[in-house]
Amino acid sequence: MNSPTKELLIAEIEKNKKELISLCSDLIKIDSSNPPGDMGEITSFITNFLSKHKISWEILDKTGSTPNIIAKTGPDSGCTLILNGHMDVVPAGDISKWDVPPFSGLVKDGVLHGRGATDMKCGIGGLLFALSMIVKHQVQLKGKALLTIVPDEEIGGPNGTKWLVENGITKGDACIVAEPSCHHNCEIGQKGSLWLKLIAQGKSAHGSLAPFAGDNAIEKLLKAIEAIRSVQDLQVFLPAKIEETMKLTKKVVREELLKQKGAEYILDHLTFNVGKICGGTKVNMVPDHAEAEIDIRIPVGLKADTVREKIEFLLKKSGIEGIQCVYNGYSDPNTTDQDEEIVETLAANVRAVADINLQKTFQWASSDTKFYRYAGIPTIQYGPANLEGIHSYNESVNIDEVVLCTKVYLGTIMDYLGYDT
Ligand SMILES: [Zn+2]
């Protein structure tokens, strides 16, 4: 039997866009905040959708409370395109700061509101809808579309993508991660990170005797933080082939995203944020213990190991005694070549659907995407976005953006895998 054309299916998405938006709204209505990370309800909702649309699925769960949904369509014989998204969202925070309830999934004036609207319930909704169209219209794919929806990206992904990829459970020739990027843009690289805890030990004494008695841990800690701050001066060696992408990303960050002169600095430098600090017992005691947690982001062109070595060198050079350095996870920056087939296929579909040239940029944060790239799988991030409310209040996304990205997902799946006509 002949498959319908790609153009016909894209027209079907336009015709059925109400159904698509209602699916995305329903996903937002389910509170899948992480923490606490209870994915039961949203897993049932998604697997019901898959069953209803005759897409085969299974649950793989490493811990008993972190379900990964794996769904597929198409034969094992051809190549495999992985489609990935996370079903957890960051907590809504102070509800009184939201203009509409965060789990309302309200659709109003062409905008869909709620926690996860951008990051990334609508990305998941778009992938699910595109696959349902392929199955419903009996497209004879020549390869396999492998959808993985994971439970824990917002807390680092140890039992989701990391586990699936590092154990060879998820394998493929290319991958689209439906993280928010905006319909005209795809991300082909991201920064690495290094989370560090500095622990200072001192000696307690009566506060009235300082500095002649005791050893103040808080003051030592502050000195240690200043001593390692110059890790930011580490030289970055940007590979020549990505210079153009970096230049474009800097322009986008400066003029469109952060709209602040000089903000492009964050892209090709280490950033250094002291995010948490605590210490001491009481005002009239010399503190004998203090801790600080620091979030360092590593640009493309540097390795996490180089950053660690430099921190240790700076601490030693400072001569401050009694400081312990604990690393709470670190990752290298990662990129996908912009000439990869998956990038070009997506670009062709963006051109066909929206009549614009796809912009290729780097991300200043990081995500599960790194695990695919570390495994050598060419991976891009592409998904509907309104970047203003991400990980903050009043998250939303434009409906047109969701429809457009869904059309691009469908076209890219069909073109990348090929189909019988
Ligand atoms: Zn995300």
Side-chain angles (χ1 to χ4, degrees), residues 23-24 27-28 30-39 42-43 46 66-69 82-93 102-103 105 112-128 147-165 170 175-183 185-193 195 257 295 297 329 331 333-334 336 361-374 379-398 401-402 405-406 408-409:
L23 166 65
C24 294
L27 286 164
I28 292 170
I30 300 168
D31 180 355
S32 56
S33 298
N34 199 4
D38 180 355
M39 296 300 131
I42 192 152
T43 301
I46 293 171
T66 48
N68 290 279
I69 306 170
I82 304 165
L83 308 165
N84 168 270
H86 61 85
M87 55 184 156
D88 60 335
V89 294
V90 292
F103 301 103
L112 183 46
H113 298 267
R115 171 56 81 231
T118 281
D119 188 13
M120 53 173 290
K121 297 276 174 79
C122 293
I124 293 180
L127 291 176
L128 287 168
L147 175 67
T148 63
I149 299 183
V150 300
D152 62 350
E153 195 274 346
E154 295 293 3
I155 56 160
N159 303 311
T161 301
K162 185 176 193 292
W163 176 62
L164 292 172
V165 177
T170 304
C175 175
I176 299 173
V177 177
E179 286 277 12
S181 67
C182 293
H183 75 272
N185 180 59
C186 89
E187 287 160 350
I188 56 169
Q190 61 181 211
K191 289 180 88 171
S193 67
W195 288 4
L257 298 179
D295 176 5
R297 301 298 171 118
S331 63
N334 49 89
T336 287
T361 56
F362 293 137
Q363 185 190 10
W364 63 72
S366 61
S367 68
D368 272 358
T369 298
K370 61 179 173 286
F371 300 118
Y372 293 108
R373 294 200 183 119
Y374 294 160
T379 303
I380 53 178
Q381 291 196 155
Y382 181 81
N386 174 0
L387 298 178
E388 274 160 29
I390 293 193
H391 288 211
S392 178
Y393 304 108
N394 297 323
E395 189 174 347
S396 67
V397 73
N398 290 353
E401 173 89 6
V402 179
C405 287
T406 304
V408 172
Y409 291 147

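Ligands are counted one by one from 1 in listed order, and the atoms in each one are counted from 1 as well.
- With a 4.5 Å cut-off on side-chain heavy atoms, N34 and H86 do not count as touching.
- Looking at D119 and the Zn ion (ligand 1) together, the shortest N, O or S contact belongs to OD1.
- Using a 4.5 Å heavy-atom threshold, the side chains of T161 and T148 count as separate.
- Between V408 and Y382 the shortest side-chain heavy-atom distance falls below 4.5 Å.
- For the pair T170 and N84, the minimum side-chain heavy-atom distance is 4.5 Å or more.
- The Zn ion (ligand 1) has no N, O or S atom of E154 under 2.8 Å away, backbone or side chain.
- Rounding to the nearest 10°, we obtain 80° for the angle at the Zn ion (ligand 1) between E179 OE2 and H86 NE2.
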